[in-house]
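Pasting in a structure now, in structure tokens, and then I'll have a few things to ask.
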Amino acid sequence: MRLAGRVTRAVAAALALPAALLALWWILTADSESYYLPPLSEILAAVDDVWLRTDRLSVDVLPSLLRLFGGFLLAVALGVSLGVAIGSSRRLRAFCEPVLEFLRAIPPPVLVPVLMLFAGIGDTMKVLVILSGCLWPILLNTVEGVRAVDEVLVETSRCYALRGPARLWHLVIRSASPQIVTGLRQGLSIGIILMVISEMFAASNGLGFSIIQFQRTFAVTEMWTGILLLGLLGFLLATLMRVFERRVLSWYFGLRQAQRGGSR
Amino acid sequence: MTSAATRAAPARSSRAGKAGRLTAGNALPGVAGFAAFLASLEAVPRIGLVSPDYLPPISRIGTALVELAGEAGFWTALGDTVRGWFVGLSIAVILGITVGFVIGTLPVLREFTASTIEFLRPIPSVALIPLAVLVFGTDLRSVLLLVVYASFWQILVQVLYGVQDVDPVATETARTFGLGRWARTRHVTWPTALPYVLTGVRLAAAVALILAITAELVIGAPGLGNEIGVAQSGGAVARMYALVVVTGLLGVAVNLLARRLERWLLSWHPSLRREVAA
Amino acid sequence: MSAMSQTRTAAGPRTDVLLDVRGVRKVYEGRGRSVEAVRDLTFTVARGDLVCVVGPSGAGKTTLLKCIAGLLAPTSGEVVLEGESVDGPPPGMAVVFQEYGRSLFPWMTVRKNVELPLKQKKLPKARRAELVHQALSAVGLDDVHGAYPWQLSGGMQQRVAIARAIAYEPHILLMDEPFAAVDAQTRADLEDLVRSLWQRLGVTTLFVTHDIDEAVYLGQRVLVLSSSPTVVLDDVTIDLPAQRDQLTTRSSTRFTELRGHVFEQIQRAKQRSGASVVE
Amino acid sequence: MSAMSQTRTAAGPRTDVLLDVRGVRKVYEGRGRSVEAVRDLTFTVARGDLVCVVGPSGAGKTTLLKCIAGLLAPTSGEVVLEGESVDGPPPGMAVVFQEYGRSLFPWMTVRKNVELPLKQKKLPKARRAELVHQALSAVGLDDVHGAYPWQLSGGMQQRVAIARAIAYEPHILLMDEPFAAVDAQTRADLEDLVRSLWQRLGVTTLFVTHDIDEAVYLGQRVLVLSSSPTVVLDDVTIDLPAQRDQLTTRSSTRFTELRGHVFEQIQRAKQRSGASVVE
Amino acid sequence: TSDDAGSGAQAGGTTKVKVGAIPIVDVAPLHLGIEKGFFAEQNIEVEVVNTTGGAAAVPGVVSGEFDFAFGNVVSLIVARSQKLPLKAIAEGNSSTGQQGKDFGGIVVPKDSPITTAAQLTGKTVAVNNLKNIGDTTVRASIRKAGGDPSSVKFVELPFPDMPAAVDAKRVDAAWIVEPFFTVAQDQGARVVASNFVDAAPNLTIAAYFTTEKTIQQKADLTKRFTAAIEKSLKYAQEHPDEARKVLLTYTKIDPAVAEKMTLPAWSGQINRESVQTLADLMLTDGLVTEKVDVAELLP
Ligand SMILES: Nc1ncnc2c1ncn2[C@@H]1O[C@H](COP(=O)(O)OP(=O)(O)OP(=O)(O)O)[C@@H](O)[C@H]1O
Ligand SMILES: Nc1ncnc2c1ncn2[C@@H]1O[C@H](COP(=O)(O)OP(=O)(O)OP(=O)(O)O)[C@@H](O)[C@H]1O
Ligand SMILES: [Mg+2]
Ligand SMILES: [Mg+2]
């Protein structure tokens with residue numbers, strides 16, 4: 001009973017504001033004359049034609065998602081391993097920081113031509129573009145997380161001869177995991193943005209490509225359906241991420257709650 | 001990210017002059033790292049990994065950079081970009097902090113806005129370009145719209161995490177001593193959230209720079225991005241990379257500034273305390 | 001229950017009642033289970049009294065203190081302070097929390113930490129400076145005004161929290177196991193400090209501890225709480241001389257007697273633990 | 001210095017020396033200032049001994065323990081364990097840290113926390129399960145195998161840390177003020193636990209505390225450290241009966257005598273504080 | 001922005017107009033005309049705003065941010081088919097109409113076995129934008145050479161990145177325009193077809209355009225601007241050396257390349273038949289879903 005009540009409330013909370021905003025959008029654009037702001041009713045009506053009645057879901061959305069996951073997973077692997085290394089060593093950190101900040105500040109669209117020189121124009125390049133964006137929040141958060149490992153735990157591990165991979169996994173990564181997961185969340189939403197940007201170059205399919213194509217061919221209603229779909233995708237992925245986070249970090253949330261004296 | 005602020009560190013030495021020495025001590029390996037990076041950039045085209053026609057060695061980019069520095073137009077463009085970046089970032093910071101505090105301190109609001117935030121956050125700014133041009137044309141305001149939209153989320157999310165991290169013992173202490181809601185926000189919530197805000201500013205600063213340049217590149221508003229676009233469409237490869245290097249250096253400068261700000265505002269924070277003590 | 005000591009209190013009801021705790025009950029409602037932390041607490045504290053509260057771990061001492069401080073609303077019953085029912089932190093009350101380390105603001109210097117509540121009271125600057133100086137002086141911290149809390153040792157941090165409470169010039173001072181993490185010597189010093197402050201300033205003080213020796217050494221009265229769900233098991237008047245010191249008082253026979261008496265009560269309290277979890 | 005007790009140690013040098021601390025000196029080098037935490041410590045611990053180390057706050061007790069554990073390198077002098085000079089955490093040693101709350105892995109259940117060092121030792125699974133079970137049983141925590149550390153009360157967390165140390169089957173067990181933040185009753189229980197474990201398993205134990213009563217109650221010997229810069233002030237043999245219990249032992253005359261003796265030494269140590277900060 | 005009704009914008013008799021244009025070879029006449037004072041003659045003061053192409057220029061024009069803009073004909077036809085009220089007012093540029101001597105074409109890597117457009121069947125071809133003038137005319141080339149355009153795989157690649165992609169054989173062929181056309185050929189790329197020439201004789205590639213609203217409300221200004229730009233086009237066509245020189249002022253093209261490369265034709269006339277041919281090709285290739293009457297778009 002109580003559980004059911006909580007679920008209902010959570011669903012209501014998740015849907016209330018979007019519903020209100022959509023209603024507002026609907027009303028405000030109901031008799032919109034502006035070419036670029038078609039009535040929401042038209043946009044919603046077009047969703048079916050544009051995405052569901054065609055093979056766009058498998059031809060455009062699926063490859064985009066695959067590239068997104070590829071880039072994201074690579075960024076996780078690279079960000080976490082580099083982050084652990086950089087976070088553990090003051091020297092390495094001092095050595096790398098300016099270069100990393102330099103690379104971080106370069107806009108992906110101008111990075112694309114360089115990447116194409118090395119990785120060609122296929123999916124590899126797009127995956128690399130996504131990687132180049134997701135990497136930073138994951139890397140920075142991992143570095144900060146690793147730096148903050150509790151000294152007492154470090155000494156405990158030394159005393160019990162915890163070394164090598166066991167130390168890395170049981171101490172360093174687990175201890176930094178709340179921060180790493182924060183990085184993952186930020187990285188994922190940047191990844192979606194980069195997914196679109198990567199499809200601005202040398203693409204012939206993809207969700208981002210479709211949106212840009214609609215934009216270029218002045219198919220504005222269709223473009224809006226794409227943007228809505230993109231937002232929906234972001235929301236779904238964020239929800240998945242939350243589920244993942246709750247599972248992996250259940251200890252962390254319990255610990256925090258305990259520290260707060262049971263109050264939330 | 002937990003309230004590690006509570007650990008008593010044994011560092012009891014004087015704090016004066018520490019920040020200066022720390023950066024001075026840190027600069028050397030940083031410069032060395034950068035030099036190594038430049039050397040590898042020089043080597044890649046020279047040993048024939050890629051054609052120097054498409055990725056010139058860094059020495060040629062350097063020459064182009066010197067040429068750039070001699071052009072008045074370059075400095076105007078740099079000024080335009082920095083202005084767009086700074087104004088946009090400022091708006092995003094103020095907006096993000098305000099909205100973040102309001103949402104963060106009212107759990108109901110937080111609960112009800114979470115899904116909308118997750119929905120709006122991944123919508124790429126680039127998708128808003130036609131809208132921006134339609135509403136604001138191709139001048140600074142369009143750039144600002146994109147910059148603010150993209151960097152706002154970075155700040156907002158950080159502020160939300162920060163506000164959530166307030167130690168209940170600290171809040172209760174403040175309450176018993178008669179601090180009202182506003183005074184508690186000012187003296188307890190704000191200092192707790194400040195480290196998160198600064199990290200947010202650091203992340204947002206980079207995003208804002210990227211967006212300012214991308215927007216100039218795509219919309220054609222004046223600035224470095226536009227210069228990059230012109231160089232690119234004219235096939236002036238070395239010049240284009242010189243401009244890219246300028247954006248990268250801008251990023252490094254922004255980060256240095258942000259670190260300075262952090263050192264100054266957060267000398268009490270455990271992460272910096274530890275650096276001083278260790 | 002110790003009939004003798006109970007009667008003693010009932011026989012001589014204090015004249016000027018400052019704090020009146022009436023049938024306070026507190027149930028924590030949690031997911032799936034609710035805990036009755038405090039079942040029924042009734043007692044009064046006279047103006048200028050120094051009452052120690054002891055009880056086994058988890059007895060609900062902190063819960064009681066938070067109810068008195070107006071930080072928690074009791075499930076039933078009420079707390080009356082100076083004739084008024086408490087429903088939020090009352091003015092003129094200072095609390096020293098168990099987690100002193102977390103109750104000092106790490107982003108403020110020691111001076112600022114002590115001064116902040118005075119600013120809230122809108123005291124003029126000169127008066128604030130005077131109070132801060134006096135309070136820090138009283139706890140023996142004349143030379144750390146400009147330091148940050150985390151630059152101090154645990155005992156010093158604790159003293160800053162106490163200084164903040166004194167400087168506030170409260171009518172009533174609540175302290176929750178304030179010396180739990182301090183070494184024996186510092187602890188003894190702080191105990192003497194609390195007694196001398198109480199004697200000098202006459203602040204009504206409620207002191208929560210789990211250390212029986214400490215409670216007997218410090219208090220004029222000791223309230224013994226049962227384990228959860230909590231009631232008042234005993235109310236012992238400590239008839240030791242007003243001038244106490246660590247060596248002679250602690251080795252006096254009366255001290256040992258009282259200590260033994262309280263110890264027994266606590267042992268009984270532990271055995272008598274009721275069904276506290278209401279499914 | 002108490003000549004009598006000093007001689008006692010010198011006269012009867014323990015036969016089977018397990019730990020030999022030879023002229024250990026430790027200076028913390030900081031920016032602008034360096035602190036000589038430990039000046040010159042020399043003592044030995046025999047196999048199977050239970051030695052308590054007391055000293056005022058900041059005496060360098062933790063520093064000493066870390067040097068023995070191989071976590072800190074002494075500035076001069078050396079620590080010899082079982083005939084070998086220590087230069088890193090030696091195998092077969094277990095440490096229970098002062099901050100027990102921070103020394104358990106919050107992301108592992110109690111069982112996993114205890115098991116992890118055994119995995120590192122590459123013990124077979126069945127043996128691990130047996131050791132974990134025995135150790136948790138010994139500290140009276142049979143029913144919390146699956147709980148996370150933060151779901152336990154402070155005293156229980158402390159016992160998990162102790163269980164982890166026992167399960168490791170160390171030759172030597174170091175404990176650093178392990179009961180500082182635990183309430184009196186739990187503390188008494190844990191003290192009895194440590195003694196009974198020591199008697200049953202015969203592990204050589206070094207127990208650091210700032211509580212004189214505790215040191216006298218627990219130890220076979222008590223080392224008294226001076227305040228910083230630290231030397232060994234006294235080495236008191238505790239000639240109390242092997243079977244001790246909280247009420248009778250603590251109220252025996254010999255206990256009070258020994259307690260008084262150690263207390264005096266510490267008072268002297270406090271007065272005799274040298275110039276510890278080398279500018 | 002300006003208003004023919006005669007408000008403050010017309011200070012001192014000159015009208016300020018904003019023109020959106022890509023900083024490429026094709027718009028040299030606009031810059032040359034400004035330099036030569038052809039616009040000043042008409043009391044027009046032009047501010048050229050760099051855009052990246054139709055995506056930014058069309059909304060700019062629709063919103064009134066730009067009075068006029070430069071865009072390729074296919075983009076304009078698509079926009080028109082989407083009911084955007086755009087109208088071309090003057091030619092932008094045209095194909096030279098000479099096979100092998102156009103300002104753009106299909107190139108292949110130097111040792112590629114491909115020699116004719118027909119052999120592009122089943123290959124990967126880079127164009128700057130999909131569903132635009134590039135793929136439409138490349139298909140026309142292939143069709144004309146007897147190949148099957150439906151099996152060609154087009155990928156998007158910005159012109160500046162094409163020479164490198166061809167050189168590294170990332171693509172089998174690419175449709176490139178100047179100055180990258182020359183750059184690619186310098187690196188050894190071979191031209192296999194001139195797609196503009198294959199699509200239609202003297203194909204009009206791009207046009208200056210505005211909205212119907214501007215044409216109605218600022219008829220006079222439109223007329224003056226059209227006159228000035230047509231004069232500029234003609235001048236540029238007659239003085240290619242000056243056109244090459246003006247390039248260096250608004251682009252960063254290497255002077256050596258600017259000297260060598262082929263300039264597009266600026267005939268000053270929109271070739272209506274070629275535009276209709278293009279529109280028909282677009283219908284064949286599915287860029288538009290119904291037949292577009294180019295008369296609506298053209299002046
Ligand atoms: N926020 C809460 N939610 C649920 N139960 C709680 C909460 N706070 C305390 N409790 C429970 O209420 C009881 C009393 O807790 P309280 O903290 O008042 O004890 P205490 O006497 O202060 O103990 P200690 O000596 O350990 O500080 C305990 O059983 C505890 O588990
Ligand atoms: N990392 C460090 N850097 C500089 N000085 C230190 C450091 N650690 C300890 N000290 C100093 O060394 C001295 C001894 O410290 P130590 O922690 O060993 O004392 P302790 O006897 O364990 O005290 P306590 O009873 O408070 O735990 C103290 O004066 C302390 O300030
Ligand atoms: Mg408590
Ligand atoms: Mg210590």
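Note on naming: letters A, B, ... go to the chains in the order of the sequence lines (proteins, then strands), and numbering restarts at 1 for each one. Because the structure is predicted, anything quoted here is derived from the model rather than measured.
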A/Leu171 versus chain D, heavy atoms under 4.5 Å apart: side chain, backbone, both or neither? both

Using every non-hydrogen atom in the two residues, find where A/Leu153 and D/Pro106 come nearest and quote the distance to one decimal. CD1-CD, 4.3 Å

Closest heavy-atom pair, D/Ala94 versus A/Tyr160, reported as atoms and distance to 0.1 Å, is CB-OH, 3.8 Å

CH2 of D/Trp150 to CZ of A/Phe253: how many Å apart, nearest 0.5 Å? 11.0 Å

Okay, D/Phe105 and chain A: the region with an atom under 4.5 Å from a heavy atom over there is both

Side chain, backbone, both or neither of D/Lys119 within contact of chain A (heavy atoms, under 4.5 Å): neither

Under a 4.5 Å cut-off applied to non-hydrogen side-chain atoms, are D/Val95 and A/Glu155 in contact? no

Quick check on D/His133: does its NE2 atom have over 12 non-hydrogen neighbours (other residues, nucleotides or ligands) under 6.0 Å away? no

For A/Cys159 against D/Pro89, the heavy-atom pair lying closest together: CA-CB, 4.0 Å

To the closest 0.5 Å, what do you measure between NE2 (A/His170) and NZ (D/Lys112)? 9.0 Å

Quick check on D/Leu104 against chain A: is it the side chain, the backbone, both or neither that has a heavy atom closer than 4.5 Å? backbone

Comparing D/Lys121, D/Met108, D/Arg164 against chain A, the one with the most heavy-atom pairs below 4.5 Å turns out to be D/Arg164

Please classify the contact between A/Ser175 and chain D as side chain, backbone, both or neither, with a heavy-atom cut-off of under 4.5 Å. both

Please report the closest heavy-atom contact between A/Ala166 and D/Gln120, naming both atoms and the distance. CB-OE1, 3.1 Å

Taking atom CZ as the centre, does D/Arg127 end up with more than 12 heavy-atom neighbours from other residues, nucleotides or ligands that are less than 6.0 angstrom away? yes

